[in-house]
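What follows is one structure encoded as structure tokens, with my remarks underneath.
As the structure is a prediction and not an experimental result, all values here were calculated from the model.
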Amino acid sequence: QVHVVESGGGLVQAGGSLRLSCTASGFSMDDYAVAWFRQAPGKEREGIVCISSSNGSTSYEDSVKGRFTVSKDNAKDTVYLQMNSLSPEDTAKYHCAANTMRRRCVFPIILHEYNYWGQGTQVTVSS
């Protein structure tokens with residue numbers, strides 16, 4: 001059975017950092033492209049970063065480029081999102097998802113292609 005579980009969210013002050021984790025079971029993260037999404041209240045879910053399985057290449061949405069870093073540990077079937085210099089605009093529920101149709105990321109991220117989703121982890125940044 002496939003499971004994706006995110007963790008690491010919380011409350012942090014502006015300028016602070018958090019590291020989110022996304023762990024898979026029932027499949028290997030290394031087999032597919034994996035992306036992080038976020039959804040703020042009243043807004044659509046947006047894809048912000050993707051990591052390819054084929055070569056580990058990454059792509060970032062402009063608003064997080066230079067502040068967020070995605071990485072993965074294949075031995076642990078875990079993808080990480082290091083978030084630095086957080087601002088209140090980063091407040092959202094963060095989800096990771098795997099795209100079983102692709103090993104290589106396509107950017108901008110095509111949300112409906114991602115089919116293995118976690119429940120998300122809340123990130124709240126106070127000013």
Side-chain angles (χ1 to χ4, degrees):
Q1 193 170 4
V2 169
H3 287 288
V4 176
V5 179
E6 303 93 337
S7 61
L11 174 64
V12 65
Q13 289 188 330
S17 298
L18 284 173
R19 189 177 81 155
L20 306 184
S21 299
C22 172
T23 301
S25 60
F27 72 101
S28 173
M29 283 285 196
D30 197 37
D31 286 341
Y32 308 117
V34 175
W36 282 95
F37 298 79
R38 65 184 180 185
Q39 187 166 18
K43 294 189 177 181
E44 293 185 354
R45 189 170 295 188
E46 61 171 344
I48 56 172
V49 60
C50 183
I51 184 165
S52 297
S53 68
S54 53
N55 58 4
S57 64
T58 57
S59 298
Y60 296 87
E61 197 268 335
D62 285 346
S63 67
V64 305
K65 199 175 293 183
R67 301 187 298 124
F68 291 11
T69 304
V70 64
S71 61
K72 61 179 179 174
D73 184 333
N74 291 332
K76 296 182 178 179
D77 258 334
T78 298
V79 172
Y80 302 99
L81 184 64
Q82 178 67 42
M83 306 188 297
N84 299 328
S85 302
L86 285 162
S87 72
E89 289 71 34
D90 295 313
T91 294
K93 194 164 191 180
Y94 285 71
H95 299 262
C96 76
N99 181 342
T100 60
M101 292 189 286
R102 298 185 188 273
R103 290 178 59 83
R104 187 175 167 187
C105 289
V106 172
F107 211 84
I109 293 168
I110 303 172
L111 187 148
H112 70 258
E113 288 191 347
Y114 286 76
N115 50 338
Y116 288 171
W117 288 86
Q119 293 299 308
T121 185
Q122 179 67 37
V123 171
T124 303
V125 185
S126 63
S127 57

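For the salt bridge (Lys or Arg N to Asp or Glu O under 4.0 Å) condition, the pairs that include at least one residue of residues 82-91, sequence neighbours left out, are Arg38-Asp90, Arg67-Asp90. Sequence neighbours left out, the pairs with a member in residues 105-127 that pass salt bridge (Lys or Arg N to Asp or Glu O under 4.0 Å) are Arg102-Glu113. Sorted pairs that involve residues 50-107 and meet ring-ring contact (aromatic ring centres under 6.0 Å, His included), not counting sequence neighbours, are lacking altogether. Residue pairs satisfying the disulfide (SG to SG under 2.5 Å) criterion with at least one member in residues 34-74, sequence neighbours excluded, are listed as follows: Cys50-Cys105.
Met29 and Tyr114 sit in two unconnected hydrophobic clusters of ILVMFWY residues. Membership requires side-chain heavy atoms under 4.5 Å apart, directly or through other members. The hydrophobic cluster containing Val12 also contains Leu81, counting ILVMFWY residues as joined when their side-chain heavy atoms lie under 4.5 angstrom apart, directly or transitively. Connection of Leu86 to Leu11 is not established within any shared hydrophobic cluster, with ILVMFWY side chains joined at heavy-atom distances below 4.5 Å, either directly or through further cluster members. Ile109 and Val79 fall into different hydrophobic clusters, where Ile, Leu, Val, Met, Phe, Trp and Tyr are joined by side-chain heavy atoms under 4.5 Å apart, directly or via other members.
Distance check: His112 NE2 to Asn99 CG gives 9.0 Å after rounding to the nearest 0.5 Å. A distance of 8.5 Å separates CH2 of Trp36 from CD1 of Ile48, quoted to the nearest 0.5 Å. With rounding to the nearest 0.5 Å, the separation of NE2 in His3 from OH in Tyr116 is 11.5 Å.
Qualifying salt bridge (Lys or Arg N to Asp or Glu O under 4.0 Å) partners for Lys76, counting only residues two or more places apart in sequence or in other chains: none.
Side-chain atoms of Gln39 never come within 3.5 Å of backbone atoms of Ala92 as a donor-acceptor pair (strictly under, hydrogens ignored).
Considering every non-hydrogen atom in both Ser53 and Tyr32, the closest pair reads CB-O, 3.4 Å. Residue Ser52 comes nearest to Asn55 through the heavy atom pair CB-OD1, 3.7 Å, listed as atom of the first residue, atom of the second, then distance.
More than 12 heavy atoms of other shown residues, nucleotides or ligands fall within 6.0 angstrom of atom CZ in Arg103.
Below 30°, between 30° and 60°, or above 60°: for Trp117 and Phe37 the angle between ring planes is between 30° and 60°, a tilted geometry.
A 4.5 Å side-chain heavy-atom check between Thr121 and Ser7 finds every atom pair outside the cut-off. Put simply, the side chain of Thr91 reaches to within 4.5 Å of the side chain of Gln122, judged on heavy atoms. The closest side-chain heavy-atom distance from Lys72 to Val34 is not below 4.5 Å.
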Result block: side-chain N/O donor-acceptor pairs under 3.5 angstrom for residues 18-28, not counting sequence neighbours:
unit_1: Thr23; atom_1: OG1; unit_2: Thr78; atom_2: OG1; d: 3.1
unit_1: Ser28; atom_1: OG; unit_2: Asp30; atom_2: N; d: 3.2
unit_1: Ser28; atom_1: OG; unit_2: Asp77; atom_2: OD1; d: 3.4

